[in-house]
Structures are given as structure tokens and as C-alpha cells.
Amino acid sequence: MAQVELDNRGLMPPEPMVRILSALATLGDDDDLVALMDREPMLLYPELERRGFVWTFAEAGDGYVLTIRKASP
Amino acid sequence: MSARVTPAESPPLWLVAPFFLAAPAGLAAAGVIIAGANSDSFAGVNLPRNLAIVHALVVGWVTTTMMGATYQLIPAVLGGRLFSAWLVRLQFALHVCAVPVFVWAFYHWDLPLLEIGGMMVCGSLVLYLANAVLGLARGSRPGVTRWYVMAALSFLLATGGFGLLWVMAMRHALFPITFDRIAAHAHLGLLGWLGLTVMGVSYQLVPMFNVVRGTEPRFSRVALVVTVAALIAFAGVMLLAPPRPVRVVFAIGLAAGPILWGLDLLRLMHHRSRRNLDVQGRATYLSLTMLAVTIALGFTVLAMQVVSPERNNTHVVVAYAMAGVLGWMGTMLIGNTYKILPFLLWYHRYRPLVGRAPVPVTADIYNDRAATAVLASHAAGVAVLVLAALLENTWLLRASGGIFAAVAVAHLGTMLHMFLPKTSSRPMAPATRPLVAR
């Protein structure tokens, strides 16, 4: 199990979404993608659902942390 | 056809885009009417031609754009859900039919038709308000923008209600429509509906698109409270034809909110991470400059009313109103259109391909040079119009009308260009920043 980190702070929409979806293409079954965000990516969620991922979103310091992994079959 | 929009989904492209594409017709119509102006244009603010111009701009151009923008932002930024996609389509159809009738009736001073047009516009506003208010009520994200938009929607209802009442009063000779009553209706619409929407949405979009970090707005709540309180007081007092010194107090109240908002925006822009300004950043600075001009002209109108009330100062009132509508709000709208529409297109056309093929980013979807040329031409048009009004120069006024008609066509052209297929300007890669595996 690996944790992949992505710092999306300071990026303009839709770049955080592009980086996350691109990174998910190579994410292993048991891996977590942890993305640091400036704001909640409201429009990313439906796409994650369509691609079979689950996520949690939490405040962390002056930003947010989005953790994504593949949904259990 | 889906009757409801999925939670947190961006609304369908062809639900929102028609509002943006139809709106420049209002600017073009106003430009054509201005281009045909005669020397009577500065004889009174309530001349049919002047009222047709203002309503083509406000209801036709600015309001139509704002309707499209809020239909996009309520789900995408505020986490709400539009009540019904079908209702949006019905509202759009009614709106694009209502505006030409309304403007035509003003221009030809056809009071029976004006009453019909007014009812059609109010019908469109009610359908819009139903969808927007219910959409906001389902919103999952708290924040000051939500309160601004809610307040703006309330003032839209009040503006439409007053407007229709004024039309019916003229049509059926119920009571006289004085300059003060027009001023109350105009400020409810311009500052209450348009101003508060621009202010509230800017608090979301300016930090987002300019990547502002390490600072927060200081006056967002105070500016909202002050503006709402001043507007309610001003509209109430103006219906009672107050003495001139009282108006000075309320004018200061009306200006205070936008001034605080402007200071906030300057601070946010100062703390932006993206140092190179794109068209939205340039529009923000231009819009703030136009706001300063609008406030200065507003106080000039007031000073002239106090010092020499017998003198006709229509030309300064025209300069004040046009600096506010076309300058402050219009400039901000043009700038944000080049962010909202490309994002909408990107979301629907290219998002499904991310991670599977190279995709363009939003900056690839619109032409920044062409957009900046539209913005600069518009700003030049505003400057010429304000100068024409202050100098009471009919030829300059006509020239500004020609500029606005051309800007409308060019603005529409740059938006249609966004719909052409685009390719990525960058190689497919998750990041320029490191992707770290532990």
C-alpha cells in the first residue's frame, strides 16, 4: 500500500482536477492519493464517483486535504 | 431531458451557455440606439430613448449574463442544486422574448405594450428567482457569497415589482412617476441586484482565478450589511421626496459598501500568486477604476442638486448611470465571462478525457488577446460615453454607441470561438510539481 501526495495549492481551476484525475489513472488498488487543496473541489466528486473512487475531505491548517482511493468491489 | 440537476454537477452546457450567447444582443441594441442619439438625449433621464437604452443594457445584457452565471455558480461554487432544468429553459425562452418587447415599447413609448413587456419580464424574473432561490436553499457550502446572492435576489424581486408598478401607474394614471421614484427603482436594480451580485461573486472568483493566498477579505460582511441597510433606507426615503441634505447622508451610505468591497478586492489582488494578469485580472482593475469614477459622478450629481437644484443636470446623471452599468458592472462581467464559459466548456467537453488523453486547459479554450481587445474596446467606449455626457456632445455620444455595437459583435465572436475544438498546449502530465510515492 502506497500513499501518493499531490500538492494542488496555488493552482487555478481546473488544474487541480486535471492533476488528480491524471494521477488516479496510475493509482494502485490499495493506494491512497492525498491531495492538498485550497478549496473543496465540488465538481470533482461526480467524476470520482463515475470512475469508481471514494474520498474523504477535511480541513488541515490553512487548506484542505482530499484523500482518494479505489472503491471496494 | 432531465428535470433535475445532479447534486454538485455543473449544469448542462446548453442550459447555461445560451444566456451568455444571447446577452450581447442587449449591448448591441443599446449601442445602436445610442448611435442614433440626437441633441435631446440630455434633456431628461426619463426620455423614451434613454429608458430604452438603460433597459436594453440592464435587463438585456447584464441581467441575462448574470442569470447564466448564477445558474452555473449555484451548483458549481455554492454547492447548490438548481430546482429544475426544464424551468431554466422555459425562463430563457420567456426572457429572450420579453426583452425586445420591453425595449421596443420604451423606445416607441407604447404604454399598453410596455405593460405587456413589463409583465413578461417580471414573469421571467419570477421563474429565475424560483430556480435560483430553491437552488441556493439546497446549497451545502456556507459563506458570504451565498448571503450576497440571496440579498441580490431579494432586491431583484423588489426592483421588478417597483418597475411593473411604475409602468402600471403610468399606463392607468394612478400616480405620478417622479425623478425620485425612478431613482429608487434604479438604485434597487443597479446596486441591489447587479451590484451585490458582482460584489458577492467577486469574493469567490477573484481569489479562485488569481490564486490569492495568505489573506482574507476584511470587509465582506460589513459591506453587505451597509449596502443592504443603505439601499432599503434610500428606496424608502426617496418615495417620500426627502429634502436635499437628507439625500447626502443616504448617498454616503450607498457608496460605503462598494468602497469597502473595492478596498477588499485591491488587497486580494495585491496578494495574488499569479502575478501575470489575464483578462479577468485586468477586468478587475478596470472595473474598480470605473467604480471610483461612478462614485465621484454620483456625488457630483448630488452636489449639483444641492447647489443649483433648478439647473438641468441630466448629462451628469447619464454619465453616472452609464459609468456604473457599463463601466463597473459591464467590465467585470466581460472579464468573468472569459473564465466562466471556458470552464463550463472544459468541464463538459474535456473533463471525461482527463487521464486518458491530452486535454486543453481553460486558457487554451479562449483567445486571451482577442478577449483583452474586447475588454479594452469596451473600456474605451465607456470613457467616450462618459466624456460625451459630461460635455453634452452628441457626436461623441453617437461614436460611443458605435463602439458598443462593435464590442457586442466581437464579444459574441470570441465566445463562439470557444466552442471550436481545441487541443492541449501542454503535454499530458499530471503535474509540474512532484508526485511523491512513499
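The structure displayed is predicted, hence computed values, not measured ones.
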Enclosure of A/Trp55 CH2 (heavy-atom neighbours >12, cutoff 6.0 Å): yes
Exercise: identify the closest heavy-atom pair between B/Phe209 and A/Met12: O-SD, 3.0 Å
Closest contact, heavy atoms only, B/Gly355 versus A/Ala25: O-CB, 3.7 Å
Listed partners of A/Tyr64 passing ring-ring contact (aromatic ring centres under 6.0 Å, His included), at least two apart: A/Phe57
Approximate separation, where rounding is to 0.5 Å, of B/Ser273 OG and A/Leu11 CG: 9.5 Å
Greater than 12 external heavy atoms within 6.0 Å of B/Arg275's CZ: yes
Minimum side-chain heavy-atom gap A/Pro14-B/Tyr347 below 4.5 Å: no
Under 4.5 Å from any heavy atom of chain A - which part of B/Phe343: side chain
Per-residue contact mode, B/Leu205 against chain A (heavy atom under 4.5 angstrom): neither
Under 3.5 Å: donor-acceptor pair, side chain of B/Arg351, backbone of A/Val18: no
Those residues that, when tested against B/Tyr148, pass side-chain hydrogen bond (donor to acceptor under 3.5 Å, both in side chains) (two or more places apart): none
Heavy-atom closest pair, residues A/Arg51 and B/Val354: NH1-O, 2.7 Å
Side-chain heavy atoms of B/Gln204 within contact of A/Arg39, under 4.5 Å: no
